[in-house]
Amino acid sequence: MKVLVINSGSSSIKYKLFENETEIYQGIKEEVKSHHDALEELFEELNNIDQIDSLKDIDAIGHRVVHGGEKFDKPALIDDQVVNDIESLIPLAPLHNPANLEAIQIIRKKYPHVPQIAVFDTAFHQTIPPENYIYPITKSFYDKDHIRKYGFHGTSHYHVARKAARFLDKNLNECNFITFHLGNGSSVTAVKKGKSVDTSMGFTPLAGLMMGTRSGDIDPSIIFYLEKMLGYKIEDIDKLLNKESGLKGICGESDLRTVLEHMRKGDKTAKLAVDMFIKKIRDFVGSYIVELGTVDAMIFTGGIGENSSYIREKVCENLYDSIGLVVDTYRDEHLKKPIDDITGENSRVRVLVVQTNEEKSIALQTMELLKKQE
Ligand code: ADP
């Protein structure tokens with residue numbers, strides 16, 4: 001089975017072609033001005049590669065769609081209704097859903113017989129219970145305006161949880177995990193019996209952990225103070241919290257590798273930024289241990305989670321007395337990819353580093369849905 005995965009953003013289109021579980025081709029169109037022209041180029045490119053004769057040779061196209069709201073708790077075969085539903089969710093993801101939808105519409109018009117499947121970033125978190133997703137503000141904001149925690153990075157949290165369960169030789173629905181997706185954007189998820197029961201991002205991806213340029217959780221009154229006392233406009237505060245905060249706000253650099261280099265050279269604000277980054281992650285470790293009761297494994301993924309032994313070791317530091325967790329630092333510093341077990345001796349909780357691959361996860365979910373349809 002051949003599946004093309006498309007991640008259509010506002011200014012770029014990333015694509016990967018899979019034959020069953022194997023990636024056979026990939027590319028990216030950058031600085032996209034017209035999605036129509038960029039997709040035409042992509043179709044032309046696919047016509048000329050050896051692995052396939054033409055787009056007709058492809059069994060399905062899987063799309064990453066950022067926001068599925070409360071309508072989608074699993075991948076959906078795209079038809080008129082699904083298109084309308086994704087459209088109706090644009091207010092919740094004004095930057096992302098329109099770009100996702102544009103590619104879907106262009107392909108529907110040109111290749112109406114190729115099945116297209118939408119895989120949503122929010123879907124995995126639809127199992128979160130109401131006490132964890134409703135905000136303690138006037139309830140009609142949830143009932144009427146759909147303001148609630150949705151969570152993001154769902155495809156990645158699901159993918160690494162699934163891979164970890166397979167690695168541990170267990171069914172996913174028997175596993176309790178804390179999954180850390182740490183990259184420029186970061187989130188943590190509590191997975192209970194294979195299902196997401198809480199996650200750190202919220203109504204938007206601004207919530208939760210401190211990130212490269214996003215603040216994560218702060219006292220909301222800071223926003224009123226910035227506006228009333230310091231004269232900031234609401235658009236400027238939006239930009240400040242999304243693009244100029246987090247690691248960048250504290251030490252001027254958003255890329256963790258650079259921040260760590262500065263820290264190692266003795267830069268005190270870089271050290272403060274790293275310490276804060278770790279502290280926020282550990283706050284969620286505590287909260288999610290309580291949420292889950294028992295934890296089978298902590299799973300690290302994303303650019304930082306997969307590559308920084310320092311961050312992994314600091315997140316897991318001094319957890320033996322509370323939850324019996326120890327990391328094997330030698331294994332942590334000598335990883336074997338794409339999945340590695342860095343659990344220390346006598347640890348009651350496993351610690352795994354699992355490479356995420358959102359495109360592969362979208363391809364697998366697309367194939368599973370197609371097989372169900374047959
Ligand atoms: P995105 O969220 O944009 O997909 P990634 O998952 O690629 O981002 O993660 C990017 C982050 O990973 C950057 O902060 C980068 O510095 C960090 N990173 C990558 N390699 C390392 C490393 N070896 N050590 C520390 N941080 C790293």
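Counting convention: from 1, in listed order, for ligands and their atoms alike. One-based numbering along the sequence shown.
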Considering distance alone, does some N or O of His181 sit under 3.5 Å from an N or O of ligand 1? no
Protein non-hydrogen atom below 4.0 angstrom of atom 4 (O) of ligand 1 present: no
What's the shortest distance from atom 21 (C) of ligand 1 to any protein heavy atom, and which residue and atom give it? Asn307 CB, 3.4 Å
Side chain to side chain contact (heavy atoms under 4.5 Å, CB included) between Asp238 and Ile234: does it pass, once the steps are laid out? CA-CA 6 Å; Asp238 186 333; Ile234 204 76; over 6 Å; no
Looking only at distance, does Ser254 have an N or O less than 3.5 Å from an N or O of ligand 1? no
Nearest neighbour in protein (non-hydrogen) for atom 15 (C) of ligand 1: Asp255 OD1, 3.7 Å
Interfacing atoms of ligand 1 (cut-off 4.0 Å, heavy-atom, Gly183): 2 (O), 5 (P), 6 (O), 8 (O), 9 (O)
Counting heavy atoms only, name the option from Gly212, Gly303, Gly302, Ser308 that's nearest to atom 12 (O) of ligand 1. Gly303
On the 0 to 90° scale, with breaks at 30° and 60°, tag the Tyr158-Phe124 ring pair as parallel, tilted or perpendicular. tilted
Starting from atom 13 (C) of ligand 1, which protein heavy atom do you reach first, and at what distance in Å? Asn184 OD1, 3.7 Å
In ligand 1, which numbered atoms sit nearer than 4.0 Å to a non-hydrogen atom of Leu256? 14 (O), 16 (O), 26 (N)
Sort out for me which residue in Phe120, Phe152, Phe203 forms a ring pair (Phe, Tyr, Trp, His ring centres under 6.0 Å) with His67. Phe152
Determine whether Val326 and Tyr320 make a side-chain contact, defined as any pair of heavy atoms from C-beta on separated by less than 4.5 Å. yes
Taking atom 11 (C) of ligand 1 as the reference point, the nearest protein heavy atom with its distance: Ile304 CG1, 3.7 Å
Which residue, Ser186, Ser200, Ser156, forms the side-chain contact (heavy atoms from CB on, under 4.5 Å) with His181? Ser156
Heavy atoms, side chains only, cut-off 4.5 Å: are Lys360 and Lys16 in contact? no
For Tyr225, look at atom OH and say whether over 12 heavy atoms of other residues, nucleotides or ligands are found less than 6.0 Å away. no
